[in-house]
Amino acid sequence: MLRFAPSPNGLLHLGHALSAIANERMAEAVGRPLTLRIEDIDQTRARPHFEAAIIADLAWLGVDWTPPMRRQSEHFAAYRDALERLKARGLVYPTFASRREFAEVARMTGLARDPDGAPLFPGDAAILGAREAARRLAEAEPAAWRLDMTRALADLPPLTWTETDAAGGAARTIGSEPAAWGDVILARKDVPTSYHLSVVVDDAVQGISHVVRGMDLYPSTSVHRVLQTLLGLPAPLYYHHPLILGEDGRKLSKSNGAESLAALREAGATRAAVRARVAARLAEPS
Ligand code: GLU
């Protein structure tokens, strides 16, 4: 089983079309179904009309997917269970610093960065001071939860994953580098899970054999391998596809002027034209 897994917090653009079509091609090549997963854990940003637009855009593109569609917001209990298992093993810890407090310290002190460019978490004591951190812990204030990466890795052998080509062949073994991420966040105060945690749980529950997603998520696979191993979940095969870049050389997004598929369609673009554009990008080297 394969999955296309967009977040319903905006309209799909060409980059999403590429991802959907890369999934469709792999599904065909390996003879397995493709399904749709709506990654809507962040309920402050997810909107039903964006979910409806995703379904309409896939139909317009002619990308067929096999129901049932999985909506992550309906499975918070499964993510909580996974977090509880990690808590029981002492592999996660609570953190009380707010995002704003963390950002302020990061701005002042120039912390090292993770592969996404976000500052590495230095611990509550470094952000709040030891005394305030202890007070919030003692008063059991609402907490976010982070993976204790050092502790987690201490118990694990070096982890790898298998990266294939676009058709599921030419398997290569990639060494993962999870330490570069530091203590990743697994549950927030306002969102009781995280991208990393929910994606590994869902890939296992849905029996995903091949994960096809953008190169921008390549570094995240290191974190996913750690979580899969800690939780005893199987490792899918991975293919990280090339990205369509915006004029600023960064991944296409609304903020760098990506036109939505809906806007392209309204301007007269045909399915064949969009598919041809995507096929051309997939044929180029990453
Ligand atoms: N929801 C993620 C995104 O829209 C994709 C997650 C994944 O494929 O693992 O970028």
Side-chain angles (χ1 to χ4, degrees), residues 1-27 32 34-47 50-51 53-55 57-58 61 63 65 69-75 79 82 115-118 161-164 166 174 176 178 181 184-186 188 191 193-228 231 233-246 250-256 258 260-261:
M1 179 77 85
L2 286 80
R3 82 303 194 280
F4 174 55
S7 295
N9 51 26
L11 292 170
L12 300 190
H13 52 63
L14 265 183
H16 296 104
L18 183 141
S19 203
I21 288 168
N23 266 287
E24 173 191 67
R25 286 183 171 192
M26 175 79 86
R32 293 177 191 244
L34 168 63
T35 193
L36 175 61
R37 180 199 298 160
I38 299 295
E39 301 214 322
D40 61 347
I41 55 173
D42 186 349
Q43 289 282 290
T44 63
R45 297 178 64 212
R47 296 287 176 273
F50 288 133
E51 181 185 301
I54 288 167
I55 293 168
D57 284 341
L58 289 177
L61 277 173
V63 172
W65 53 274
M69 176 180 94
R70 184 171 172 96
R71 209 181 266 124
Q72 289 191 320
S73 59
E74 292 168 0
H75 299 281
Y79 314 135
D116 272 353
W161 79 84
T162 302
E163 182 82 17
T164 74
I174 311 290
S176 62
W181 286 95
V184 287
I185 195 148
L186 295 186
R188 296 191 181 280
V191 179
T193 181
S194 67
Y195 162 63
H196 296 308
L197 187 60
S198 49
V199 88
V200 297
V201 168
D202 282 2
D203 285 342
V205 169
Q206 295 187 284
I208 300 300
S209 54
H210 297 73
V211 170
V212 176
R213 62 185 176 198
M215 244 350 252
D216 54 323
L217 292 170
Y218 188 93
S220 294
T221 304
S222 289
V223 177
H224 300 172
R225 289 294 301 117
V226 170
L227 293 174
Q228 285 159 355
L231 294 166
L233 306 175
L237 302 175
Y238 290 88
Y239 166 57
H240 293 92
H241 61 69
L243 302 174
I244 297 182
L245 303 182
R250 305 179 62 146
K251 181 190 155 187
L252 204 58
S253 71
K254 234 174 307 161
S255 55
N256 62 12
S260 67
L261 295 176

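Counting convention: from 1, in listed order, for ligands and their atoms alike.
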Distance-only N or O hit between ligand 1 and Val199, under 3.5 Å: no
side-chain contact (heavy atoms from CB on, under 4.5 Å), paired with Ser73, selected from Val191, Ile38, Asp40: Asp40
Within-shell test, Arg3 vs ligand 1, heavy atom, strictly < 4.0 Å: yes
Reported CZ-to-CG distance for the pair Phe50 and Leu11, which is rounded to 0.5 angstrom: 5.0 Å
Donor on one side chain, acceptor on other, Arg70 and Gln206, under 3.5 Å: no
Protein heavy-atom partner closest to atom 10 (O) of ligand 1 - residue, atom, separation in Å: Leu217 CD1, 4.2 Å
Numbered atoms of ligand 1 (with element) below 4.0 Å of Glu39, judged on heavy atoms: 1 (N), 2 (C), 5 (C), 6 (C)
Separation between CG of Leu217 and NE2 of His240, rounded to the nearest 0.5 Å: 6.5 Å
Option passing ring pair (Phe, Tyr, Trp, His ring centres under 6.0 Å) with His224 (candidates Trp181, Trp161, Tyr218, Tyr195): Tyr195
Geometric class of the His13/His16 ring pair [parallel <30°, tilted 30-60°, perpendicular >60°]: tilted
Ligand 1 atoms in contact with Ala5 (distance to a heavy atom under 4.0 Å): 1 (N), 2 (C), 3 (C), 4 (O), 5 (C)
Polar contact flag for Lys251 and ligand 1 (N/O pairs, less than 3.5 Å): no
Whether Phe4 lies under 4.0 Å from ligand 1, heavy atom: no
Ligand-side contact atoms (ligand 1) for residue partner Tyr195, heavy atom cut-off under 4.0 Å: 6 (C), 7 (C), 9 (O)
